[in-house]
Amino acid sequence: MGNSALDTQALRIDPRDTGITVVCGAAELDESGSGGSSYCRYTFYCGFGSFSWVLYTRFSEVSQLHDRIAQECSWYGIKGPTKRFTVLPQRHETRTEYLDQRNREVIKFLTAAATTPEIWGLRPVKDFFEVSARSFDPDLGRKVKEGLVSCSGGGIFGVGLTGFKQRWLMLRETFVAWFDDSTCMELRGVMVIDPNMEVSLSERLGGDFWVRSGQRLLFVHLGGRDPWRKAEDWVSAFADLLHTRPRTSHTTNRAGIPKVAGLGLGSGETGPGAALRFASFAPPRPSCPVCWYVCGRSYFG
């Protein structure tokens with residue numbers, strides 16, 4: 001992926017109504033699309049109050065969002081970005097004379113979606129911006145990434161894994177959790193991010209990745225267009241988060257994506273974590289609400 005002439009200055013969306021801020025950083029040409037095609041990949045820096053997160057998307061996903069809004073708010077008449085400038089498919093994605101115009105139209109459309117209360121209140125819009133009912137809960141810590149996925153997990157060492165079910169996956173600074181959907185307040189499952197957590201793309205199935213923490217194993221499947229790209233975004237988000245903790249062992253799978261594995265620094269091994277109190281894998285954090293949980297099966301086993 002390389003920078004194109006579409007790299008832009010930061011463009012801010014005025015949060016006069018919803019409180020959401022969006023900064024469009026750049027648009028890049030990606031040649032890893034399905035069938036070897038090229039497409040434009042957009043990066044948006046989003047914020048709400050003290051929360052901030054990064055959103056990656058492509059034009060087809062923006063176009064799908066406009067179609068959903070048109071179905072549910074046909075009376076509003078919001079104008080979407082031009083879908084095609086030429087009769088040849090996808091030529092509009094890569095020709096320089098169309099890229100700047102496409103970029104301006106995408107930003108204008110997302111401006112309306114983010115700042116209009118009637119539109120922002122639609123569930124597809126919040127799902128697109130990775131915002132759920134618990135996104136801005138200060139007790140949950142820093143917001144990293146969220147999205148709709150299919151999950152299969154919860155078993156001990158993979159025993160008793162359930163079938164894939166659609167869930168809303170949430171990655172925070174200290175845990176990963178999943179909910180029935182983006183509107184739910186009660187979680188369906190949670191995995192604590194510990195020094196032994198491992199995350200990797202599936203080497204057999206495109207658009208799949210797995211997360212292992214202690215005895216918990218979670219398989220995640222991404223659907224839609226280019227699921228492999230979405231899975232890479234998730235694994236990269238995990239990797240970036242885990243890399244901020246003292247780790248000294250990183251390997252890659254055949255896809256070249258980091259497989260992050262902790263070394264159990266709290267067990268007396270040497271490494272960067274030895275400089276922290278009690279050889280912890282994470283630094284002290286002030287003003288953190290804590291709730292103790294005890295696994296009876298492990299305690300009495």
### Query
Do Cys184 and Trp168 touch side chain to side chain, with heavy atoms closer than 4.5 Å?
no
### Query
Can you list the residues that meet the ring pair (Phe, Tyr, Trp, His ring centres under 6.0 Å) rule with Phe109, with sequence neighbours excluded?
His66
### Nearest non-hydrogen partners of Ile69 and Ala113, listed with the distance
CD1-CB, 4.4 Å
### Task
Could you verify whether a donor N or O on one side chain and an acceptor N or O on the other, from Glu130 and Trp53, lie under 3.5 Å apart?
no
## Note on the structure
The reported gap from OG1 in Thr183 to CZ in Arg123 (rounded to nearest 0.5 angstrom) is 5.0 Å
### Query
What distance do Arg102 atom CZ and Cys40 atom SG have between them, rounded to the nearest 0.5 Å?
8.0 Å
### Query
Is the number of heavy atoms from other residues, nucleotides or ligands under 6.0 Å of Phe48 CZ greater than 12?
yes
### Query
Has Phe51 got more than 12 heavy atoms of other residues, nucleotides or ligands less than 6.0 Å from its CZ?
yes
### Message
Looking at every heavy atom in both Cys24 and Phe44, which two are closest together, and how far apart are they?
### Response
CB-CE2, 3.6 Å
### Query
Can you check whether Met197 reaches Val211 side chain to side chain, under 4.5 Å on heavy atoms?
yes
#### Entry: Candidate pair Val220 and Arg167, rule side-chain contact (heavy atoms from CB on, under 4.5 Å), full reasoning
CA-CA 10 Å; Val220 181; Arg167 296 284 185 256; over 6 Å; no
### Query
Will you find, in the side chains of Gln166 and Ser150, an N or O donor that is under 3.5 Å from an N or O acceptor?
no
### Query
Which atoms form the tightest heavy-atom contact between Leu187 and Ala177, and what is the distance?
CD2-CB, 4.5 Å
### Query
Any sub-3.5 Å donor-acceptor pair from Asp137's side-chain atoms to Asp139's backbone N or O?
yes
### Message
Run the salt bridge (Lys or Arg N to Asp or Glu O under 4.0 Å) test against Asp67 and tell me which residues pass, sequence neighbours left out.
### Response
Lys83
### Message
Test your reading of the model: is there a side-chain donor-acceptor pair from Ser213 to the backbone of Val192, 3.5 Å cut-off?
### Response
yes
### Query
Which value, rounded to the nearest 0.5 Å, describes the distance between Leu169 atom CG and Ser182 atom OG?
12.5 Å
#### Entry: Side-chain heavy atoms of Leu241 within contact of Arg172, under 4.5 Å
no
### Polar side-chain atom of Ser52 near backbone of Cys46 as donor-acceptor pair, under 3.5 Å
no
#### Entry: Under 3.5 Å side-chain donor-acceptor pair for Ser60 and Arg58
yes
### Query
Do the side chains of Leu55 and Tyr45 get nearer than 4.5 Å, heavy atoms only?
no
#### Entry: Side chain to side chain, Leu65 and Leu110, heavy atoms closer than 4.5 Å
yes
### Query
Just how far is it from atom NZ of Lys126 to atom CD1 of Ile20, taken to the nearest 0.5 Å?
8.5 Å
### Task
Give the intermediate values and the outcome of side-chain contact (heavy atoms from CB on, under 4.5 Å) for residues Ser202 and Phe209.
CA-CA 5 Å; Ser202 170; Phe209 69 94; 5.9 Å; no
#### Entry: Any side-chain heavy-atom pair of Phe128 and Val62 under 4.5 Å
yes
### Query
Do any N or O atoms from the side chain of Arg188 and from the backbone of Asp180 form a donor-acceptor pair under 3.5 angstrom?
no
### Message
What's the separation between atom CD in Glu118 and atom CH2 in Trp120, rounded to the nearest 0.5 Å?
### Response
14.0 Å
### Message
I'd like to check Glu72 versus Pro124 (side-chain heavy atoms, cut-off strictly below 4.5 Å). Are they in contact?
### Response
yes
### Query
Is the shortest side-chain N to carboxylate O distance from Glu232 to Arg41 below 4.0 Å?
no
### Task
Determine, step by step, whether Asp208 and Leu222 satisfy the side-chain contact (heavy atoms from CB on, under 4.5 Å) criterion, reporting the C-alpha distance in whole Å, the side-chain angles of both residues, the deciding distance to 0.1 Å, and the verdict.
CA-CA 6 Å; Asp208 287 34; Leu222 281 301; over 6 Å; no
### Task
Evaluate the side-chain proximity of Tyr42 to Ile107: yes if any heavy-atom separation is below 4.5 Å, no if none is.
no
### Query
Hey, is Asp233 close enough to Lys230 for a salt bridge, meaning N to O under 4.0 Å?
no
### Intermediate values then yes/no, side-chain contact (heavy atoms from CB on, under 4.5 Å), Trp234 and Val199
CA-CA 10 Å; Trp234 272 102; Val199 184; over 6 Å; no
### Query
What distance separates Phe219 CZ from Phe164 CZ, expressed to the nearest 0.5 Å?
7.0 Å
### Query
Can you check whether Met185's main-chain N or O pairs, donor with acceptor, with Arg134's side chain at less than 3.5 Å?
yes
